[in-house]
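This structure is a prediction, so every number in the text was calculated from the model and none was measured.
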Amino acid sequence: MLDIAIVGGGIIGICAAAYLAEAGRDVTIFDRTGICEETSSGNAAAFAFSDVLPLAHKGMIRQLPKWLADPLGPLSIPPAYLPKLLPWLIRFWRAGAPEKYEASLAAQASMMKLAEAEWMGLLDRSGARRMLREDGSLELYESEAEFKASLPDWAARKRFDIGFSHVEGDALAALQPGLSPRFVKGTFVPGWKTVADPKLLGKAVWAYAETKGARFEKARIDHVEASQHGATLTLADGTTRQARHLVIAAGAWSHQLARDLGDRIPLETERGYNTTLPNSAFDVKRMLIFSGHGFVITPLETGLRVGGAVELGGIKRPPNYNRSKALLRKAQNFLPGLDPSGGREWMGFRPSLPDSLPVIGRARQGDSIVYAFGHGHLGLTQAAATARLIRDLVLGQNTALDLSAFSPNRFR
């Protein structure tokens, strides 16, 4: 019998394996493709510790009609998928109520504080600190009206001691030379961090976990169930594994396994697109955030990544790479002189819940089964904090945070 089985070899599962292996536990990760080979490999590489605002914040719902009117804009919903998505959209709308907004904001801020502390420790212990980049981020606005509309969100961040400064003119140009003059103002966040490459970071953390005894088995898990002594995992080939403890961290597929255990989690899939260009494409100094257009540009060790936007379309539809191309065209307009040639297109699945908070907690059917999924855009950012919390749960210790806001039962 296995001691601890983790379903999912993305950044959440990798970090959980490292923390549990550090505690002397015998850990096996199961994944259908490999370690950090799917969604965790192609994200925007941000440690977005200042990104505490839930997506369903005040005002976002008002932007939905405008965004949906553009099939290649910041948010897209394939018409055929809308009936399936409607219950999730209703929950998302309700999550934007003022009283829920404040509770989500406080929970997210606490999670981010823990995430930063845990990541800095894990980077040091794993020898991956060299991959950390502390250049800050620059959010950009095309008009005075767009800038003023952002101010309430910055005021909310200020309540949680998140540092920032608004810039324009020469100060803006110094932070990112070569910007289009269409951008009249910006906000610089000095504490924003990125990593050299998210896939390389995941591989490095996994290599560290292996030195502590963690193992990997390439297999698709088709079914899980609680058993008298823990959990039973059924693999795609029909064989089974027994484990004393089970961690479900399978990203966009996690809710399907949770359903086997009697927990119906309203997880939806944000399909994110990007193109990674050669580093020579443009000299980008730090992550650039175009919030009005729903995408970012990140300078990586392995290239210049142009990506973002949201397509709520599930996990079965084929990719629509016209969205990647649309982002790249915008990037060319925003950074005149950007060379768009030689890029690699990519699409990944962000597992998202209506209130923008992940599920971290025990399954209904057994204390030996815990969930760690639904981080949306913040999987990389919150991975080490989630790993700390999962370790606390599995070891039966007091958790570093109150987990009520992240409970799997909050959607009943």
In terms of heavy-atom contacts, Pro190 and Gly163 come closest through CD-O, 3.7 Å
Do you know the tightest heavy-atom contact between Leu300 and Val195? CD2-O, 3.8 Å
Would you check if there is a donor-acceptor pair between the side chains of Gln242 and Thr232 at a distance under 3.5 Å? yes
Without hydrogens or angle criteria, can the side chains of Thr234 and Asp222 be said to hold a donor-acceptor pair below 3.5 Å? no
Judged by atom type as modelled, is there a donor-acceptor pair below 3.5 Å linking the side chain of Thr39 to the main-chain atoms of Phe349? yes
Apply side chain to side chain contact (heavy atoms under 4.5 Å, CB included) to residues Leu246 and Val224 and explain how you reach the verdict. CA-CA 9 Å; Leu246 172 62; Val224 297; 4.0 Å; yes
Measure from the ring center of Phe30 to the ring center of Phe216 and say whether it is less than 6.0 Å. no
Using only atom types and a distance under 3.5 Å, with no angle test, would you say the side chain of Gln176 pairs donor to acceptor with the backbone of Lys285? yes
Ion pair check, Arg182 and Glu142, cut-off under 4.0 Å: yes
Thr381 side-chain N/O to Ala48 backbone N/O, donor-acceptor pair under 3.5 Å: yes
Under 30°, 30 to 60°, or over 60°: which ring-plane class applies to Phe295 and His293, parallel, tilted or perpendicular? perpendicular
For the backbone of His245 and the side chain of Asp3, can you confirm whether one donor and one acceptor N or O come within less than 3.5 Å of each other? no
Looking at the rings of Phe188 and Phe164, which for Trp means the six-membered one, are their centres under 6.0 Å apart? no
Taking atom NZ of Lys203 as the centre, does the number of heavy atoms from other residues, nucleotides or ligands within less than 6.0 Å exceed 12? yes
Parallel, tilted or perpendicular: rings of Phe47 and Trp119 (30°, 60°): tilted
For residues Leu335 and Leu288, determine if any side-chain heavy atom of one lies less than 4.5 Å from a side-chain heavy atom of the other. yes
For Ser324 and Glu345: C-alpha separation, side-chain torsions, deciding distance, then whether side-chain hydrogen bond (donor to acceptor under 3.5 Å, both in side chains) applies. CA-CA 7 Å; Ser324 299; Glu345 293 180 330; 4.8 Å; no
Donor-acceptor side-chain pairing of Asp263 and Tyr371 below 3.5 angstrom: yes
Within a strict 4.5 Å, meaning less than it, do heavy atoms of the Arg350 and His375 side chains meet? no
More than 12 non-hydrogen atoms from neighbouring residues, nucleotides or ligands closer than 6.0 Å to CZ on Arg215, yes or no? yes
Below 30° counts as parallel, above 60° as perpendicular, anything between as tilted: where do the rings of Tyr141 and Phe147 land? perpendicular
Under 6.0 Å between ring centres, would you say that holds for Tyr273 and Trp346? no
Going by an N to O cut-off under 4.0 Å, is there a salt bridge joining Lys185 and Glu146? no
Flag yes if more than 12 heavy atoms outside Arg94 fall under 6.0 Å of its CZ atom; otherwise flag no. no
Please check this pair: side chain of Asp392 against backbone of Ala400, looking for a donor-acceptor N/O pair closer than 3.5 Å. yes
Check for a donor-acceptor pair, side chain of Arg323 on one end and backbone N or O of Val310 on the other, with a separation under 3.5 Å. yes
Is it true that Lys193 and Glu116 have a side-chain N and a carboxylate O under 4.0 angstrom from each other? yes
